[in-house]
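One structure is given below, encoded as structure tokens.
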Amino acid sequence: MLLARLFDEKFASLYRAGKIMGGVFLGRGQEALSVSIGVHLRTGDVFAPLIRDLAGRLAFHEPVLDAARTYLGSVQGPMRGRDGNVHRGRPKSGQLAMISHLGAMISVVNGILFARRMRGVDGTVGVASYGEGATSTGSFHEALNQAAVEQLPLVVVVANNQFAYSTPTVRQFACDSLLARATGYGVAGAAVDGTDLGACLQVVGRAIAQARAGRGPQLVVASLLRLCGHGEHDDAQYISPALKASPAGRDCVKVAEQYVLQQEWAGADTIAHWRAEAAQTIEAAVVTAQRESAPDPFAPHYWSALASQHRWERREEGS
Amino acid sequence: MSITYLEAIRAAQARALAEDPRVFIYGQDVGAFGGAFKATKGLAQEFPGRVVDAPISEDAMAGLAIGAALDGLRPILEMQFADFSTLAFNQIVNQAATLFWRTNVPCPLTLRLPCGGTAGSGPFHSQMLETIYAHYPGLVVLTPATVEDAYSMLLEAVAIDDPVIFCEHKFLYYHLKAEALPTEALPANEARIARTGRDLTIVTYSAMVHEALAAAEELRGEGWEVEVVDLRSVKPLDTDTVMASVARTGRLLCVGEAFPWGGVTAEVVARVVSEGFDLLDAPPMRLNAKDTPVPYHPNLWSAHRPTARTVAMAARKVLHS
């Protein structure tokens, strides 16, 4: 989560320097929850991250270069300049490339889990990560219900970060807790303090283990505060100082560092060393991506959207 | 023995399931019940666990099919009516259609859309949506007009590595019969000359092919030889066959059952005019459904869509201009 925090800070500074085209979306304040997903996933599992899941992606073995290359538009990145920033992924490695429409990735995860079951592959877990805003969509509802009907090993992690862009939760839903929805869908539910790394590791880990053990879909709802704007273009003045000072407003990275020190798992100098190491890794990735080529609009392969293009062309040549 | 258009669709699915273990069918009521139109009749019993009932969740149904396709399966997704696919529009046009281009991982799924009007079906069980889907890059849109094409093009749809929108016309389900299933077929992307002629080219697809053929027969009595081109696939669109036909006849009428604004007929006219203006001896013409929702009452419905009579009327206009 330290690497993710520092990487995000690097992206923010590249954005301010005008080095990144398009938006930059940070996971600041959500790293503890996000990393808890990634560390509990195994090779063969599936993760549909949201825009604030750099920590979870890295923990689920997304190459460090992927984020740098995608933000900077390198042709060597997984999206080859065709899509940017947080819309990256490697579907063959279980890292799904999100579309922007909220809730839409959950049923895609369901489909992969459904296919695994049909093919007789056991033990796969799929996690879809969303914010509380996505819980208001039809897609979210349909997909969670579908997973429950099919009893798929799906874990949906909802980061209630208090705002969907600028919209507060009171304008998003009227139930006391989003956790109540788990009962409605017939799935297991668990709440967690999203600022507490230890609690996140435990609760998310348990949900993933339950799904893996065949106990059906799991909903985890974390409360925390987005410690940044929706994107770096947004100064988030709508977030009140009172909310920032509330328990939900704690910085999960600081909380985790204090905990590590208290438990004497590492000293201040070790943490400083981790930071320096992470900063070096990030710098190297950014330098590499910056040196790589941008996409060439005259390369014809960019302008065909069909995997079966060869099928049609071969016939044209043959006729 | 004779086989209907609907039976051909069922037979193609049975063959796909039998030949390829990656194929499964997902949709509302498709399992033990056999589908609203019985296009999957008996398949759940014949292929246990591979013909699966879905909740009424078109968005999630499409999402599940996309995920399964990503994982290497070949889903056939049945929408109960094409009209309801609008509820899955986001998954189809934003998720399925963009996936290969964005990630280099193919998304081989077949989306069966029972489309088009039948008497008494009204605004929400009659729509033609090929235009909407053809608009989006990354989708293949097939519109079979014959029993043979319903069979062979559905098999080809399952084999294609892209999301295929398979528009099967409900009006043809029971009416249209063939003696036997085909043993060979044109590739899905090639248009077919359904009737040869020298005076006028009618370009059409799906159920309108039969209205155009009936109109051509009527016009033969008046001394006109009308050529009918069945597009078969609206995307890709076989412009070569269309242009070659217009080069022979010098006159063009495009007929479609979809709403008139934009669409396949407009696309064909635009291509012919911009690439083959010199081939034309008269202004080309389009004939589509009317610009209203599809009406319920049979009197209104038969006036809303093109029919052999209105196709013949439009053809005379082009022939006399």
Side-chain angles (χ1 to χ4, degrees), chain A residues 46 48 78-80 82-83 87-92 96-101 103-119 121 124 126 137-150 152 302-312 314-316 318-319, chain B residues 21-22 24 26 49-50 52-73 75 87-88 90-91 94-109 136-140 156 159-164 187-190 233 235-236 238 240:
Chain A
V46 182
M79 310 314 281
R80 302 159 294 157
R82 297 172 185 221
D83 206 342
H87 297 96
R88 63 183 184 273
R90 294 178 179 271
K92 289 286 175 204
L96 300 191
M98 72 172 79
I99 65 168
S100 301
H101 308 67
M105 299 309 297
I106 306 173
S107 58
V108 177
V109 175
N110 287 348
I112 296 174
L113 299 173
F114 182 91
R116 297 278 164 90
R117 186 168 68 195
M118 192 164 270
R119 290 164 42 208
V121 177
T124 302
T137 66
S139 292
F140 183 94
H141 166 70
E142 286 192 11
L144 209 48
N145 179 63
Q146 178 184 55
V149 167
E150 288 292 343
L152 296 171
Y302 282 107
W303 309 121
S304 167
L306 293 178
S308 60
Q309 190 66 31
H310 59 95
R311 186 185 192 94
W312 318 122
R314 205 168 43 234
R315 282 175 181 168
E316 275 164 25
S319 63
Chain B
R22 299 171 301 172
F24 72 98
Y26 189 53
R50 294 171 63 197
V52 181
D53 284 326
I56 303 178
S57 300
E58 283 79 3
D59 179 289
M61 284 160 57
L64 183 143
I66 292 163
L70 263 179
D71 207 49
L73 298 189
L87 290 162
N90 180 46
Q91 295 287 3
N94 288 316
Q95 189 101 256
T98 65
L99 236 166
F100 172 72
W101 186 81
R102 293 168 67 234
T103 66
N104 214 27
V105 179
C107 184
L109 71 88
Y136 280 87
L139 299 175
V140 170
E156 187 163 356
I160 288 170
D161 275 340
D162 288 299
V164 178
N189 61 313
E190 286 180 23
S233 161
K235 194 171 190 182
D238 181 359
D240 291 352

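Protein chains get the first letters and strands the later ones, always in sequence-line order, with residue 1 at the start of each. This structure is a prediction, so every number in the text was calculated from the model and none was measured.
Note: A/Pro91 leads A/Pro91, A/Gly89, A/Ala143 in heavy-atom pairs under 4.5 Å with chain B. When each of B/Ile66, B/Leu70, B/Ile160 is checked for heavy-atom pairs under 4.5 Å with chain A, B/Ile160 comes out on top. Comparing B/Val105, B/Leu99, B/Leu87 by heavy-atom pairs within less than 4.5 Å of chain A, the highest count is held by B/Val105. Taking A/Ala305, A/Ala97, A/Ala307 one by one and counting their heavy-atom pairs under 4.5 Å with chain B, the maximum is reached by A/Ala307. Counting heavy-atom pairs closer than 4.5 Å to chain B, the top residue among A/Met105, A/Lys92, A/Met79, A/Arg80 is A/Arg80. Contacts with chain A were tallied for B/Asp161, B/Val140, B/Thr98, B/Asn104; B/Asn104 has the most, counting heavy-atom pairs under 4.5 Å.
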| message | Could you go through B/Asn90 and A/Ile99, starting from their C-alpha distance and side-chain angles, then the distance that decides it, and tell me whether this counts as side-chain contact (heavy atoms from CB on, under 4.5 Å)? | response | CA-CA 10 Å; B/Asn90 180 46; A/Ile99 65 168; 4.0 Å; yes
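Within the model, atoms CE of A/Met118 and CG of B/Leu73 stand 7.0 Å from one another, a figure rounded to the nearest 0.5 Å. Atoms CD and CG, on A/Glu150 and B/Leu64 in that order, are 7.0 Å from each other to the nearest 0.5 Å. For the atom pair CZ (A/Arg82) and CZ (B/Phe100), the distance works out to 7.5 Å, reported to the nearest 0.5 Å. Residue B/Phe24 holds its CZ atom at 5.0 Å from CZ of A/Phe114, rounded to the nearest 0.5 Å. To the nearest 0.5 Å, atom CD1 of residue B/Ile56 and atom CD of residue A/Glu142 are 10.0 Å apart. Note that the CG atom of A/Leu96 and the CD atom of B/Gln95 stand 8.5 Å from one another [nearest 0.5 Å].
Checked by atom type and distance alone, the side chain of B/Trp101 pairs as donor or acceptor with a backbone atom of A/Tyr302 at under 3.5 Å. Side chain of A/Arg119 to main chain of B/Asp71: a donor-acceptor pair is present (N/O by atom type, distance under 3.5 Å, no hydrogens or angles). The backbone N or O of A/Ser308 lies less than 3.5 Å from a partner atom in the side chain of B/Asp162, making a donor-acceptor pair.
The side-chain contact (heavy atoms from CB on, under 4.5 Å) check on B/Asp53 picks up B/Val30, with sequence neighbours excluded.
Residue contact with chain A, scored on non-hydrogen atoms closer than 4.5 Å, involves the side chain of B/Pro236 exclusively. Using a 4.5 Å cut-off between heavy atoms, B/Ala159 contacts chain A through both its backbone and its side chain. Only the backbone of A/Ser304 comes within contact range of chain B, judged by heavy atoms closer than 4.5 Å. Heavy-atom distances place no part of A/His141 under 4.5 Å from chain B, backbone and side chain included. Interface residue B/Gln91: only side-chain heavy atoms are found under 4.5 Å from chain A.
Counting all heavy atoms, side chain and backbone alike, B/Arg102 lies closest to A/Met98 at NH2-O, 2.7 Å.
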